[in-house]
There are 2 protein chains.
Amino acid sequence: MTETRVERKERTRRAILDAALELCEDSSLVALSLRQVAGRVGIVPTGFYRHFDSIEALGLALVDESFVSLRAMLRDVRRVEAGGTAPVSFAAIVDRSVDTLVSHVHAQRAHFAFIARERTAGPPSVREAIRHEIELCERELATDLARLPGPDAWSTEDLRILSNLIVTAMVHTAESLVAVAGRPEAERRLTQTARTQLRMVIIGALQWRSGQE
Amino acid sequence: MTETRVERKERTRRAILDAALELCEDSSLVALSLRQVAGRVGIVPTGFYRHFDSIEALGLALVDESFVSLRAMLRDVRRVEAGGTAPVSFAAIVDRSVDTLVSHVHAQRAHFAFIARERTAGPPSVREAIRHEIELCERELATDLARLPGPDAWSTEDLRILSNLIVTAMVHTAESLVAVAGRPEAERRLTQTARTQLRMVIIGALQWRSGQE
DNA sequence: ACAATGGGTGAACGTCTGTTCACTCAATAG
DNA sequence: CTATTGAGTGAACAGACGTTCACCCATTGT
């Protein structure tokens with residue numbers, strides 16, 4: 001007996017999740033069939049029901065899993081920001097943050113691709129779940145930004161708006177990184193674009209209310 | 001004879017395009033079937049082939065049509081910018097531009113929703129077509145920005161990066177506007193968010209190179 | 001007036017879909 | 001040692017799918 005019963009079940013469940021993630025890579029969850037997934041896993045179609053009630057339930061599990069990856073990235077970003085005791089420039093924070101994003105997209109490409117795609121194309125319940133998770137990320141970012149030096153004049157609403165802009169730009173960057181796949185030249189260009197954009201946004205935010213309205 | 005032959009054909013073609021646009025509203029092109037479309041139009045499945053070779057060809061036609069709407073919006077934005085002979089503030093330009101975006105999304109909701117969705121979820125050829133069209137829009141915006149007063153220190157690359165950021169933010173705004181559908185309160189909030197974000201970005205871009213690097 | 005054109009029809013095909021049901025048989029619990 | 005549990009099986013179903021083909025017949029060009 002090399003494998004207990006629950007271990008075997010968990011292994012099959014993982015295989016289903018992985019198969020689904022790969023199969024919907026070039027279309028969407030809404031175009032994914034139970035039989036395709038079962039076929040790739042190597043079980044009979046009916047076996048699927050031992051693990052999930054429906055493709056939609058599978059989708060929600062994939063949302064959870066993907067956001068574990070995304071949150072791991074955010075934790076890394078946060079650790080970098082709060083790393084040294086000495087004050088670091090915004091430019092340095094931006095550079096390190098973008099690097100962290102890039103390396104996590106590399107390591108978990110499928111998860112980031114899944115979020116980017118199903119965010120707009122998934123079944124309604126999946127879309128809603130992703131929208132909600134992203135909103136939570138924005139709120140977290142807002143509280144992080146509030147701790148940063150400089151934002152004397154940022155209202156709660158300003159923080160929300162700024163976080164939304166940054167998250168939007170980063171989601172778009174992740175989306176593009178996934179799209180360029182393995183072309184290192186295009187990726188370098190994208191990375192530089194993301195850096196510049198983040199810097200521009202932060203410069204604009206720092207000037208906000210002092211130089212405008 | 002109240003209707004010529006080509007008129008009738010064109011009418012059916014339009015009905016197919018409209019039906020497809022509505023049907024894929026709550027899923028995606030990749031999950032759209034020829035028989036669904038034919039059924040809604042009121043023709044037999046085979047009749048579809050008189051107008052399109054495949055669902056994918058239909059999709060590319062919808063891309064064309066949707067970008068006609070999007071370009072109409074850009075033309076409006078440009079007319080507002082170049083409107084008065086007197087110099088206007090950036091804030092005024094931003095406000096008018098966002099208003100133009102909102103009204104066009106209202107008028108052509110289905111087209112904007114289609115672009116936002118299929119951009120990431122459509123069949124590969126459709127995705128590529130949309131990506132290309134958006135890149136063209138970014139280039140157009142870059143040349144417009146170059147004509148604006150102030151950008152003494154903007155390099156060609158900076159202009160590309162800035163345009164990319166603005167277009168990304170506006171695509172995201174359009175996407176959100178479509179999502180809130182008919183809730184005026186949420187829409188007002190979104191509009192205000194978009195305005196503030198655009199202003200922040202422009203302030204940041206104006207300070208660029210002078211206050212950084 | 002006559003022939004050609006072409007949008008729309010309806011049957012038929014093979015394939016794929018989700019879901020049901022009764023089943024096996026090794027890993028577990030008592 | 002025996003009884004139970006439950007992951008995986010395999011047949012069967014009704015329905016939807018894309019695509020083919022021969023066909024109809026009103027609008028056209030001559």
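Quick note on labels: first sequence line is chain A, next is B, and so on, each numbered from 1. These numbers were taken from a predicted model, which means no experiment stands behind them.
- Every side-chain contact (heavy atoms from CB on, under 4.5 Å) that B:Ala113 has, sequence neighbours left out, goes to B:Glu25, B:Arg117, B:Val178.
- Applying the side-chain contact (heavy atoms from CB on, under 4.5 Å) test between A:Trp154 and each of A:Leu206, A:Leu148, A:Ile161 identifies A:Leu206 as the sole match.
- For B:Lys9, taking side-chain heavy atoms from C-beta onward, the closest of the listed nucleotides C:dT17, C:dG7, D:dC17 is C:dG7.
- A:Arg195 has a carboxylate O that lies under 4.0 Å from a charged side-chain N of A:Asp99, or vice versa, which qualifies the two as a salt bridge.
- Fit an axis to the five pairs at each end of the helix from C:dA1-D:dT30 to C:dG30-D:dC1 and the two axes sit 20° apart, to the nearest 10 degrees.
- Sorted by first then second residue, the side chain to side chain donor-acceptor pair (under 3.5 Å) pairs that include residues 129-142 of chain B, not counting sequence neighbours, are B:Arg71-B:Glu133, B:Arg71-B:Glu140, B:Arg78-B:Glu140, B:Glu128-B:Arg131, B:Arg131-B:Glu135, B:Glu135-B:Arg139, B:Glu138-B:Asn164.
- If you check residues 10-29 of chain A against DNA chain D, the residues with a heavy atom closer than 4.0 Å are A:Thr12, listed by number.
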Listed pairs, N/O of protein and of nucleotides 1-5 of chain C, under 3.5 Å:
| unit_1 | atom_1 | unit_2 | atom_2 | d |
| --- | --- | --- | --- | --- |
| C:dT5 | O2 | B:Arg5 | NH1 | 3.3 |
| C:dT5 | O2 | B:Arg5 | NH2 | 2.7 |

Under 3.5 Å, which donor-acceptor pairs do the side chains of residues 181-190 of chain B form with other protein atoms, sequence neighbours left out?
| unit_1 | atom_1 | unit_2 | atom_2 | d |
| --- | --- | --- | --- | --- |
| B:Glu187 | OE1 | B:His106 | NE2 | 3.3 |
| B:Glu187 | OE2 | B:His106 | NE2 | 3.2 |

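- As rounded to whole Å, 18 Å separates atom P of D:dC17 from atom CG of A:Leu34.
- For residues 165-178 of chain A, the set of pairs meeting the salt bridge (charged side-chain N to carboxylate O under 4.0 Å, His left out) definition, not counting sequence neighbours, comprises A:Arg119-A:Glu175, A:Glu175-B:Arg119.
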Under 3.5 Å, which donor-acceptor pairs link side chains of residues 27-45 of chain A to any protein atom two or more places apart or in another chain?
| unit_1 | atom_1 | unit_2 | atom_2 | d |
| --- | --- | --- | --- | --- |
| A:Ser28 | OG | A:Val30 | N | 3.2 |
| A:Ser28 | OG | A:Glu118 | OE1 | 3.2 |
| A:Ser33 | OG | A:Gln36 | N | 3.1 |
| A:Arg40 | NH1 | A:Glu22 | OE1 | 2.4 |

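- We find that CZ of A:Arg8 is positioned 12 Å from P of C:dT28, with the value rounded to whole Å.
- Here B:Glu10 does not pair with B:Arg5 in a salt bridge; the nearest charged N to carboxylate O distance is not below 4.0 Å.
- Of all the residues in residues 37-52 of chain A, A:Ile43, A:Val44, A:Thr46, A:Gly47, A:Arg50, A:His51 reach under 4.0 Å from DNA chain D with at least one non-hydrogen atom.
- Sorted by first and then second residue, the side chain to side chain donor-acceptor pair (under 3.5 Å) pairs involving residues 45-61 of chain B (not counting sequence neighbours) are B:Glu56-B:Ser125.
- When the C1' atom of C:dG14 is taken as reference, atom CZ of B:Arg35 falls 12 Å away, rounded to whole Å.
- Under the ring-ring contact (aromatic ring centres under 6.0 Å, His included) criterion, A:Phe67 pairs with no residue at all, not counting sequence neighbours.
- Looking at residues two or more places apart in sequence or on another chain, you find no side chain to side chain donor-acceptor pair (under 3.5 Å) involving A:Ser97.
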